[in-house]
Amino acid sequence: MNENLFTPFSTPTILNQPATIPIILFPAMLVLTSKHPINNRLATIQQNLTQLTLKQMMMTHNAKGQTWSLMLMSLITFIAMTNLLGLLPYSFTPTTQLSMNLAMAIPLWAGTVMVGLRFKTKNSLAHLLPQGTPTPLIPMLVVIETISLLIQPMALAVRLTANITAGHLLMHLIGNAALALSTTNFSLTLLTSTLLTLLAVLEIAVALIQAYVFTLLVSLYLHNNT
């Protein structure tokens with residue numbers, strides 16, 4: 001195959017226009033909404049999963065932190081569905097783009113920090129200096145803790161980008177290997193195809209886990225500032 005290894009990560013176009021925005025908006029169309037008093041099985045499963053995830057994330061929050069529940073559920077649903085749709089053949093995964101993940105991480109992180117500075121100013125500033133720090137080390141520790149605070153959104157975005165990109169690259173490489181072996185060695189082709197199937201199942205789990213980890217970390221930042 002002459003296809004470049006990083007071709008699946010290039011931004012798709014329709015009539016020479018970027019198709020990123022329609023792709024990002026597409027997962028919202030797949031969320032089931034019911035106007036009937038009795039839901040079907042699929043809507044019931046979706047509702048139960050939503051309630052279970054929401055309960056898991058909100059159990060440690062106070063009333064002020066729980067006001068973020070709708071946004072956090074929207075976030076985890078969007079990331080999970082985007083990751084899963086990216087596993088389909090010839091599809092594009094927006095969460096492999098660091099710029100998009102930063103666009104999600106920075107405003108959410110900044111929001112939690114501003115909430116902390118507004119409602120718990122002393123506690124938020126106290127995190128910059130651990131209790132019992134020796135006086136000579138105070139300036140250095142304040143700088144270190146400030147840098148640690150500022151790189152939190154970058155860590156969020158890089159973690160999501162790296163995990164999703166690594167999985168897609170590995171599937172791409174194993175798929176190319178299976179295709180190349182299909183004309184020479186049937187037993188190796190069967191083994192490689194089995195490995196590719198197992199990897200696809202693993203990537204489904206990774207897609208869901210990374211959506212949960214991203215949202216859980218935002219929830220923890222919020223908990224520390226409310």
Side-chain angles (χ1 to χ4, degrees), residues 1-31 46 49-50 53 57 71-112 150-180 192-222:
M1 296 180 65
N2 295 324
E3 186 182 55
N4 188 284
L5 184 62
F6 292 94
T7 298
F9 306 107
S10 59
T11 304
T13 58
I14 299 177
L15 300 177
N16 293 326
Q17 298 298 320
T20 306
I21 293 179
I23 292 174
I24 291 174
L25 296 178
F26 180 70
M29 302 171 57
L30 302 180
V31 179
Q46 175 184 290
L49 287 175
T50 301
T53 306
M57 286 193 301
M71 186 179 63
L72 292 177
M73 279 308 306
S74 301
L75 178 66
I76 191 174
T77 302
F78 169 74
I79 297 177
M81 297 190 71
T82 302
N83 291 346
L84 291 175
L85 289 174
L87 294 175
L88 297 177
Y90 302 103
S91 61
F92 172 71
T93 312
T95 47
T96 58
Q97 306 297 314
L98 182 60
S99 57
M100 175 182 165
N101 294 337
L102 283 174
M104 290 191 297
I106 292 177
L108 291 169
W109 167 83
T112 61
L150 293 177
I151 66 173
Q152 285 178 353
M154 178 64 72
L156 275 177
V158 170
R159 181 186 295 106
L160 179 59
T161 303
N163 281 281
I164 301 301
T165 302
H168 285 206
L169 283 175
L170 192 56
M171 291 180 64
H172 187 77
L173 290 172
I174 294 178
N176 286 346
L179 184 62
T192 308
S193 300
T194 304
L195 180 62
L196 183 60
T197 303
L198 295 175
L199 181 61
V201 175
L202 177 62
E203 280 302 303
I204 293 175
V206 169
L208 297 175
I209 291 172
Q210 289 304 315
Y212 179 74
V213 168
F214 188 98
T215 311
L216 182 62
L217 288 175
V218 174
S219 175
L220 291 176
Y221 297 157
L222 177 65

Chemist: If you define the side chain from C-beta out and look only at heavy atoms, does anything of Q152 sit under 4.5 Å from L156?
Modeler: no
Chemist: Run through N163, N83, T165 and flag the one making a side chain to side chain contact (heavy atoms under 4.5 Å, CB included) with T96.
Modeler: T165
Chemist: Do L108 and M71 touch side chain to side chain, with heavy atoms closer than 4.5 Å?
Modeler: yes
Chemist: Are more than 12 heavy atoms, taken from residues, nucleotides or ligands other than M73, located less than 6.0 Å from that residue's CE atom?
Modeler: yes
Chemist: Of all heavy-atom pairs between T93 and G86, which one has the smallest distance, and what is that distance?
Modeler: OG1-CA, 3.0 Å
Chemist: For L49, give me all partners under side chain to side chain contact (heavy atoms under 4.5 Å, CB included), at least two apart in sequence or on another chain.
Modeler: I45
Chemist: Residues in side-chain hydrogen bond (donor to acceptor under 3.5 Å, both in side chains) with T161, at least two apart?
Modeler: N101
Chemist: Got a list of side-chain donor-acceptor pairs under 3.5 Å for residues 197-215, not counting sequence neighbours?
Modeler:
| residue | atom | partner | partner atom | Å |
| --- | --- | --- | --- | --- |
| T197 | OG1 | S193 | O | 2.9 |
| T215 | OG1 | A211 | O | 2.9 |

Chemist: Check side-chain hydrogen bond (donor to acceptor under 3.5 Å, both in side chains) between T112 and all other residues, then give those that pass, not counting sequence neighbours.
Modeler: none
Chemist: If you measure from OG1 on T192 to CG on L173, what distance do you get to the nearest 0.5 Å?
Modeler: 12.0 Å
Chemist: Taking all atoms of both residues into account, what is the closest heavy-atom pair of P153 and L102, and its distance?
Modeler: O-CD2, 4.2 Å
Chemist: Let me know which of L75, I76, T82 forms a side chain to side chain contact (heavy atoms under 4.5 Å, CB included) with I79.
Modeler: L75
Chemist: I would like to know whether H168 and L87 meet side-chain contact (heavy atoms from CB on, under 4.5 Å); could you show each step before the answer?
Modeler: CA-CA 8 Å; H168 285 206; L87 294 175; 3.7 Å; yes
Chemist: Side chains of L217 and W109: does their closest heavy-atom pair fall under 4.5 Å?
Modeler: no
